[in-house]
Amino acid sequence: PCKLLTLVPGLMVFSDVKDYEVGFRQQECESVKWLCCGDSSYFYWGHPERPKEIQVAVRKAGEHKFVWSSPLPITEQGIGSFPVVFEYDVEIPRLVCIQVDQSRDVFTVAVMGDANCHQLVNEHCCLVLNPQIVSNTERFGSHFKVPFGERVAFGRAGEAAATKDRLHLVLTDKDDNSNSYPLELNLDRASEREISEMNARVCVKLQDRVAVVIVSHVSTAAAQNIVWGYDLEVRVPQLSIALVTETPRGEAFCLTLKGFELRTLQTA
């Protein structure tokens, strides 16, 4: 009898980053697989003696200088989304989201664009937001500001790709830089809090395993209970109600009320 054997790779890699090539390699190995936007490929562990961890790099086509992310373990415990920013001698930081997932026995590593990263949204007209990623006692990522009306993607530095995310966020009065309020947010769970000192509400929402942080305005006006009412009084000297048949036409029933009075009072 004949047997048909099908070899299925344990890992597939994907790239969906426009204008850049994405490289994949096993931890500290020389063999690299480069993909353009929209490409996918199998990935085999070339060195079984080394950890099954993958590193990612982003470059312009033909560039020879690039930076590798920290190793990401390809295990069930390593499944998740990891927004990272690659910063080196370039004018614009390269921000991508590394998504590690599993479908049955096959793991997938997909590198997506900045639309899939953490997002910071400023809906407070009086504040400027100053964010920075925090990991343990270190801070990663570039300093940048988010003025009112803007939505900005952000992530941790590539060398800290596998760490848990916390956001160090400073709320600053746009007209008075000395008036500010610092806070730290856990980006792994949804939360909401009000900062009375800045008349602000900070909300963390989770969408597709990344965080959307929204800072909005809280009105200082005290809530007031509105009390309203009306007094309606109807008086009719006489009210007649009659039931008339069609064929033969005639009055079948008649009710006459004298001194009919209707009164209603609405107080709230």
Side-chain angles (χ1 to χ4, degrees), residues 6-88 90 93-118 133-136 138 140-142 153-166 187-188 206-211:
T6 302
L7 297 178
V8 178
L11 176 62
M12 295 289 295
V13 292
F14 302 83
S15 172
D16 191 29
V17 182
K18 294 181 179 180
D19 303 323
Y20 293 105
E21 294 179 340
V22 177
F24 302 84
R25 75 174 185 182
Q26 189 176 356
Q27 180 184 358
E28 301 298 336
C29 294
E30 294 182 359
S31 178
V32 181
K33 185 177 293 292
W34 290 98
L35 300 181
C36 296
C37 183
D39 289 347
S40 62
S41 177
Y42 58 84
F43 188 95
Y44 291 107
W45 303 111
H47 297 270
E49 75 282 0
R50 295 189 179 182
K52 290 185 177 181
E53 298 181 346
I54 201 166
Q55 291 179 280
V56 172
V58 178
R59 72 177 186 183
K60 284 283 189 180
E63 278 185 340
H64 299 288
K65 186 176 182 179
F66 46 85
V67 176
W68 289 104
S69 71
S70 61
L72 291 166
I74 307 302
T75 63
E76 291 184 3
Q77 293 74 23
I79 291 175
S81 295
F82 306 94
V84 298
V85 56
F86 294 95
E87 294 181 294
Y88 41 98
V90 291
R94 301 171 186 181
L95 184 62
V96 300
C97 185
I98 306 172
Q99 299 178 344
V100 180
D101 219 325
Q102 183 181 20
S103 178
R104 296 185 179 179
D105 296 328
V106 179
F107 283 94
T108 60
V109 178
V111 181
M112 316 295 287
D114 59 5
N116 298 86
C117 295
H118 298 312
I133 286 287
V134 178
S135 174
N136 298 327
E138 298 181 276
F140 298 98
S142 59
F154 67 95
R156 65 182 82 95
E159 61 268 24
T163 60
K164 293 294 183 179
D165 286 345
R166 287 179 293 127
L187 299 182
D188 293 327
L206 299 182
Q207 298 179 2
D208 298 325
R209 295 188 294 201
V210 296

Self-check item: Intermediate values then yes/no, side chain to side chain contact (heavy atoms under 4.5 Å, CB included), Trp68 and Val32
Solution: CA-CA 11 Å; Trp68 289 104; Val32 181; 3.6 Å; yes

Practice problem: Apply side chain to side chain contact (heavy atoms under 4.5 Å, CB included) to Met12 and Phe43, showing your working. | Solution: CA-CA 6 Å; Met12 295 289 295; Phe43 188 95; over 6 Å; no

Exercise. Check step by step if side chain to side chain contact (heavy atoms under 4.5 Å, CB included) holds for Val84 and Ile98.
Key: CA-CA 8 Å; Val84 298; Ile98 306 172; 4.1 Å; yes

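Arg209 CZ to Leu187 CG: the interatomic distance, rounded to the nearest 0.5 Å, is 15.5 Å. How far CG of Asp188 is from CG of Leu206: 8.0 Å, rounded to the nearest 0.5 Å.
In terms of heavy atoms, Glu53 sits closest to Pro71 at OE1-CB, 3.2 Å. Contact between Ile79 and Gln102 at its shortest, heavy atoms only, is CD1-CB, 3.8 Å. Closest non-hydrogen pair, Val17 versus Gly113, comes out as CG2-N, 4.2 Å. For Gly155 against Leu95, the heavy-atom pair with the smallest separation is N-CD1, 3.7 Å.
Proximity of a side-chain donor or acceptor of Ser81 to a complementary backbone N or O of Val210 within less than 3.5 Å is not detected. Side chain of Ser103 to backbone of Val106: no donor-acceptor contact under 3.5 angstrom is found. Remark: side-chain polar atoms of His118 are paired, donor with acceptor, to backbone N or O of Ala211 under 3.5 angstrom.
Arg59 has its side chain out of reach of Phe86: every pair of non-hydrogen atoms, C-beta onward, lies at least 4.5 Å apart. With contacts defined as side-chain heavy-atom distances shorter than 4.5 Å, the pair Met112/Asp208 does not qualify. Side chains of Val109 and Leu11 form a contact here, defined as non-hydrogen atoms less than 4.5 Å apart.
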Please tabulate, for side-chain N and O atoms in residues 34-41, each donor-acceptor pair with protein atoms closer than 3.5 Å (sequence neighbours left out).
| residue | atom | partner | partner atom | Å |
| --- | --- | --- | --- | --- |
| Asp39 | OD2 | Cys36 | N | 3.1 |
| Ser41 | OG | Lys33 | NZ | 3.4 |

Donor-acceptor pairs under 3.5 angstrom involving side-chain atoms of residues 24-31: please list them, not counting sequence neighbours.
| residue | atom | partner | partner atom | Å |
| --- | --- | --- | --- | --- |
| Arg25 | NE | Gln55 | OE1 | 3.1 |
| Arg25 | NH2 | Gln55 | OE1 | 3.2 |
| Gln26 | OE1 | Gly46 | N | 3.2 |
| Gln26 | OE1 | His47 | N | 3.1 |
| Gln26 | NE2 | His47 | O | 2.9 |
| Gln26 | NE2 | Pro51 | O | 3.3 |

